[in-house]
2 protein chains.
Amino acid sequence: MSTDAAPAAPKYYLLKTEVLGLIAGLQPGTLIPTERALAEKYATSRTTVRQAISELVAEGKLGRIQGHGTFVAPPKVTHVRQLTSFSDDARTQGLRPDSRLIALEVLKSDANVAAQLGLDQGEQVTRLERIRLIEGEPLAHEVAWLPGKLPRFKSSLAKAGSLYAVLADVYGVQIADVEDTVETALAGPADVRLLGIEMGAPLLVVHRLARDAAGVPVEWTRSTFRGDRFRFVSRVKSGA
Amino acid sequence: MSTDAAPAAPKYYLLKTEVLGLIAGLQPGTLIPTERALAEKYATSRTTVRQAISELVAEGKLGRIQGHGTFVAPPKVTHVRQLTSFSDDARTQGLRPDSRLIALEVLKSDANVAAQLGLDQGEQVTRLERIRLIEGEPLAHEVAWLPGKLPRFKSSLAKAGSLYAVLADVYGVQIADVEDTVETALAGPADVRLLGIEMGAPLLVVHRLARDAAGVPVEWTRSTFRGDRFRFVSRVKSGA
DNA sequence: CAACATTATTGGTCTATGCCAATCTTGACA
DNA sequence: TGTCAAGATTGGCATAGACCAATAATGTTG
């Protein structure tokens, strides 16, 4: 008589629960049985095992390396996101942040970037592309656009490390407010290459628009974070 | 000589791109060819077609209904998240929000809830569980815990609709700041049942702790949003 | 002993196929 | 005309097996 009974859990989901029990309490990095071994142990096909394992990987509970094996994943990193930068956030938690510069160039803005920064299409913008690492592990891919051409930007950035520090100390630009947009996406080949994750892994895509006190946009950034390794925190205080 | 060539895109990924082209410009709701038809058209197996389609579904670009077909998904809803509530956020954008009450009960706090709200384990808390809908579609599952027992809470909530409105108008509680934690997860059977999504769909799980001006916790909420239908926006202003 | 080639192991992709479950269509029947 | 039953269609789950790609282990050779 019940209108909607709970859906009977499919076999791959039961197996998922089974594996969760298997890894409970194990140290990160511990290898679990191979897919073929699990298939035999639970009297199922490797396809079904892979579906279960794949979801656990997507959830950040397992990791896997071709030719090596499947292992218990390390816990998520919590990212406190206020007006601070990636590097400041990380250091606050006692983690060692790092950046790998991929590109730093001055070019003409396309329609989208111009709209975000309040420029006319074709006006000069500085494009900064970086990989962000924590404890040596690449966790985010970040492309920032800044209006205009910034003199001695590269050397300043190399010295300070933090983009926001450079803006404040070198150019006297104070960020007054930021607007973050967070959505989910799945990893494609580019993300796989840049972040060393697997196809289809969940991502958190964050777009940030930062303005100065006068409300003039000073930065527009698209950041792609590993969804299996990150957790965002944002604090908002009331009007006063 | 290149150190790391771009990985050769697997067939299911090429197919994904192919289907993306197929649906570009189509109206939401438009049915695309069946899995079996696509498999034949692109000379591949249905398994491969399903892998491609599944990722597009997870990304919110397609939807599917067993026995009916696969169709172009509607665009994402943007959720502006400040100090406001779900219903206020939605109305601001001209969308019709709604709530379906699942449970409203007073019970003893467990260890976790007590810790979040700054209570001793076992102290009374009010638990409010709701499904949040926009334009009639269930988009989020929300469980809120409030300290203590609130008199006439149910009727007040039914009248006002918004939890924050009730807190302010009926109990005189002003939210002074909130802390949101955003992370990704994949849908399990419970999420499937409550939100009408498919197993493994990406979710945005948000934990919110709201405090009053004195810093006393007044609400702790766990919200599960459909990752394929939502986009979060948070605005943060500088200290002054 | 060190460097290299070979082999085995493990995850990554793909095929072909079967049956189940939900939905829609069609047609028989009252 | 309306209702219900049967069949066709479509996505959901699972199997068994094959081959590829990356890694690790082994053995050979200089």
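Side chains are part of it too, since the values below use all heavy atoms of this structure and drop only hydrogens, waters and symmetry mates. Chain letters run A, B, ... following the sequence lines, proteins first, then strands; residues in each count from 1.
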Q: Taking heavy atoms of chain A and a 4.0 Å limit, find me the 5'-most and 3'-most nucleotide of DNA chain D within that range.
A: dC13(D) to dA24(D)
Q: Distance check needed: dA21(C) P versus Q66(B) CD, whole Å only.
A: 9 Å
Q: Could you check whether I53(A) gets within reach of a base, just the sugar-phosphate, or nothing at all, counting any heavy atom under 4.0 Å?
A: nothing
Q: Under the ring pair (Phe, Tyr, Trp, His ring centres under 6.0 Å) rule, what pairs show up with a residue in residues 184-209 of chain A, not counting sequence neighbours?
A: H207(A)-W220(A)
Q: Quick one: which of dT15(C), dA21(C), dT13(C) gets closest to the side chain of S45(B)?
A: dT15(C)
Q: Return yes if some donor-acceptor pair links the side-chain N/O of T44(A) with the main-chain N/O of E40(A) below 3.5 Å, else return no.
A: no
Q: Quick one, which residues of residues 17-43 of chain B touch DNA chain D with a heavy atom under 4.0 Å?
A: T34(B), E35(B), R36(B)
Q: Does a donor on one side chain sit under 3.5 Å from an acceptor on the other, for R46(B) and T48(B)?
A: no
Q: Who pairs with E179(A) by salt bridge (charged side-chain N to carboxylate O under 4.0 Å, His left out), at least two apart in sequence or on another chain?
A: R235(B)
Q: Phosphate oxygens OP1/OP2 of dG12(C): is one of them under 4.0 Å from a side-chain N or O of R64(A)?
A: yes
Q: Round to the nearest Å and state the distance from K11(B) atom NZ to dC14(C) atom P.
A: 7 Å
Q: Nearest nucleotide by nearest heavy atom, which residue falls closer to the 5' end of DNA chain D, H68(A) or Q51(A)?
A: Q51(A)
Q: Kindly write out the residues that satisfy salt bridge (charged side-chain N to carboxylate O under 4.0 Å, His left out) with E59(A), not counting sequence neighbours, or none if the list is empty.
A: K16(A), K61(A)
Q: List for me each residue that meets salt bridge (charged side-chain N to carboxylate O under 4.0 Å, His left out) alongside R64(B), sequence neighbours excluded, and say none if there are none.
A: E35(B), E198(B)
Q: From C-beta outward on R50(A), which listed nucleotide comes closest to its side chain: dT23(C), dT13(C), dC14(C)?
A: dT13(C)
Q: Which atom pairs, one a donor and one an acceptor, fall under 3.5 Å between side chains of residues 96-104 of chain B and the rest of the protein, sequence neighbours left out?
A:
from	atom 1	to	atom 2	distance (Å)
S99(B)	OG	R132(B)	NH1	3.4

Q: Partners of T221(B) by side-chain hydrogen bond (donor to acceptor under 3.5 Å, both in side chains), sequence neighbours excluded?
A: E219(B)
Q: Both T70(B) and T47(A) contact DNA chain D. Which one's nearest nucleotide lies toward the 5' end?
A: T70(B)
Q: Restricting to salt bridge (charged side-chain N to carboxylate O under 4.0 Å, His left out), what partner residues turn up for E183(A), sequence neighbours left out?
A: K76(B), R231(B)
